[in-house]
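Okay, so here's the structure we're looking at.
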Amino acid sequence: MTTTVVIVGAGPTGLTLACGLARQGVAVRVIEKAAAFHTGSRGKTLNPRSLEVLADLGLAERLAAAGRTHLPFRKYFAGEFVSEAEPFAGVRPTATTPYPASLWLPQTRVERLLRERLADYGVKVELATELVDFRQDAAGVEVRLADGGRIAAEYLVACDGGRSTVRKLLGIPFVGEGDPEPMMVCGDVEVDGLDAGAWHQWFGPQGVFMLCPFEGSRRWQLQASPETDAEGRMVAPSLESFQRLAALHTGRADLRLTNATWLSTWRVNVRVAERYRAGRVFLAGDCAHVHPTAGGLGMNTGIQDAWNLAWKLGYVLRGLAAPALLDTYQEERLPIAAWTLDVTTAGMAAVTKGISTPGVGVEAGRVGDLTGLSLGYRWGRLAADGDLLDGPLRAGDRAPDAPCTGPDGEPARLFEHFAGDHFTLLGFGPGARPALAELPDHVRPVHLDDPDGTARGAYGITGDALVLVRPDNHVALTAPATARAEVLAYLTALGAAG
C-alpha cells in the first residue's frame, strides 16, 4: 500500500494521530528512532478532554481498567504529616460530562493501548527507523532514513518531541526560554514502607520530594529537588541518590527504595514553534510546544493537537475538503499552546512559592481550567455561530454529551452518535426533521426529542434549531431549524478550492 502520511515519533501524539487517520482508511506509517518502546512512566495523567478523545477511539474501558480516577494528595512539611485532600473528591459523571476527573496512569500504558488500537487497523510502529532528512515539493514529501531507505508520502507530521529533528531541519524557530540547570530529578522506583493509596508530597525548606503510585503496579514515580554535592553541583539521578533524598525529606529510616529505572532530569522550558506548518509538513505535540509540568498538560495537549489535525488531514486526503482546511490546524491550536504556556508557567510559580507553606501541594498549580473541557476555537474560521445558543456555549466550543435516543429507539448518548469521523447534524424540535433528510454520507443526522430538556440545556437551545458538530466534537455551526441550505453551504465551503 502506498504511504499517504508519515508520522515521526511514537508517543501519545503520534499514536493518536495515526489512529485517527488509519480509522479513516488513510495509509499511514509511524516511524520511531528508538530501538525499543519507552518503559519510563513520564506523563501520568489524562485530563477529561483527552479521555473523551480516546473514548471516541474505542479505548474508554481499557483506559479505565488501567488507571485510577481518584488519588488523594498526602502532604507533609519538613517531614511531618500536615493534611490529605483529593482534588476530585465528590466529582462524578454527569449527563453532559462523562469523564469529569483526570485519570492517573503512566504514559507507557497510554502508549501501549494506543499501539494496540493502531494494530487493529493493521498498522505497527516501526522501531529503529530514524528520519535524518527529507525534501518536499508540490507533489509530496520524501523521507530519508538513517539506514539509507526512503519513504514517499503526501504529508509528513513531526511528533518527535522538544528536540525535534524535523522542526530543526525546517528551520522553524522554537521561541521562548529555558533554565540551564535541571529543576527536578525523576525516576521510577519500587517503594517499601509507604501506603500506595495516595500521592505523597513532602515540601519544606530543602525543596520537594514526591512519590506517586500507579494502579496495579509496584512502580512509583519519583520527583524531587536535585541532590547537590559539597560544591553545590547537582548529583546525577541514581537509586543511591534517591534513597538519600528520601531520608533527607521524609526523615524516615524505614522507607526503602529499590529497582530504580527511567532515571531522568527535568528543567523548566517554555517554548513554542513560530508556526505549525511548512508546506506538506506539520508539527504537533512537544515538537510544537514545551512548558512546565504544572497541571499535567503535556501529554494532553499533544493528544488534542493530534485530534484536531487527524480529521482535517483525513478529510483532505479523502476528497471531502480542500487543502485550505489544513490551515485551520495552526489557526486553532497555536492559541491553545499560548494559553497552555501561560497557565502552566503561572502554575509552576504558584507551586514553587507554596513549597515554604505547610499544607500546600501540587494542587497549587491548578490556576486555570486544566480539564480541557472549556477550550475551544471560537476565533477560527470554522466557527459559524448563528446566535441561537442561549447560554455560554458558542460555535467552536466542545460539544457536550447528553442522553438521547439511538437508531433502534433505545436510550443512547450523543457521544455515541459523535464517535467516528463524520459530522453530526443535531435537529432540535419537530421543525428540524426535514433538514435531516438526504444529507451527504459523511454527515450523520440525529433528531432530538429531548423530553427532559437535558440536551437543550446543555446546548442552550430554546426553540427548534440545527447544530452541526465537527468530527472532533466541536460545534461547527448553529442555524434555524429551516436552514438546511446553510448547513449544506457550510459543508460545501470546506471542499471549495483555495
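Heavy-atom basis, side chains included; hydrogens, waters and symmetry copies ignored.
Applying the side chain to side chain contact (heavy atoms under 4.5 Å, CB included) criterion to S217, with sequence neighbours excluded, gives R109, F214, R219. Not counting sequence neighbours, Y99 has no partner by the ring pair (Phe, Tyr, Trp, His ring centres under 6.0 Å) test. The side-chain hydrogen bond (donor to acceptor under 3.5 Å, both in side chains) search around Q24 returns R318, not counting sequence neighbours. Shown here are the side chain to side chain contact (heavy atoms under 4.5 Å, CB included) partners of E86, two or more places apart in sequence or in another chain: H70, P72, F88, A89. Listed by chain and residue number, T4, R280, L317 satisfy the side chain to side chain contact (heavy atoms under 4.5 Å, CB included) test with E154 (two or more places apart in sequence, or in another chain). Shown here are the salt bridge (charged side-chain N to carboxylate O under 4.0 Å, His left out) partners of D56, two or more places apart in sequence or in another chain: R23. Annotation: side chain to side chain contact (heavy atoms under 4.5 Å, CB included) contacts of T94 (sequence neighbours excluded): T96, T97. Shown here are the salt bridge (charged side-chain N to carboxylate O under 4.0 Å, His left out) partners of R163, two or more places apart in sequence or in another chain: there are none.
Electrostatic pairing of R413 and E416 does not count as a salt bridge here, judged by no charged N lying under 4.0 Å from a carboxylate O.
A side-chain donor-acceptor contact under 3.5 Å links N300 and S50.
Two rings, from W311 and F423, have their centers less than 6.0 Å apart. Taking the six-membered ring wherever Trp is involved, the centroid distance between the rings of Y276 and F282 does not fall below 6.0 Å.
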Donor-acceptor pairs under 3.5 angstrom involving side-chain atoms of residues 431-446: please list them, not counting sequence neighbours.
| unit_1 | atom_1 | unit_2 | atom_2 | d |
| --- | --- | --- | --- | --- |
| R433 | NH2 | H447 | ND1 | 3.2 |
| R444 | NH1 | H417 | O | 2.8 |

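Sequence neighbours left out, the pairs with a member in residues 296-306 that pass salt bridge (Lys or Arg N to Asp or Glu O under 4.0 Å) are D305-R333. For the ring pair (Phe, Tyr, Trp, His ring centres under 6.0 Å) condition, the pairs that include at least one residue of residues 330-386, sequence neighbours left out, are Y377-H474. Residue pairs meeting the ring pair (Phe, Tyr, Trp, His ring centres under 6.0 Å) criterion with at least one partner in residues 381-414, sequence neighbours excluded, are absent.
Ring geometry for W104 versus W199: interplanar angle over 60°, hence perpendicular rather than tilted (30 to 60°).
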Go through L382 and L325 one step at a time and tell me if the side chain to side chain contact (heavy atoms under 4.5 Å, CB included) criterion holds. CA-CA 9 Å; L382 298 183; L325 177 63; 3.8 Å; yes

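Tested against E332, the residues R378, R470, R381 include a single salt bridge (charged side-chain N to carboxylate O under 4.0 Å, His left out) partner, R470.
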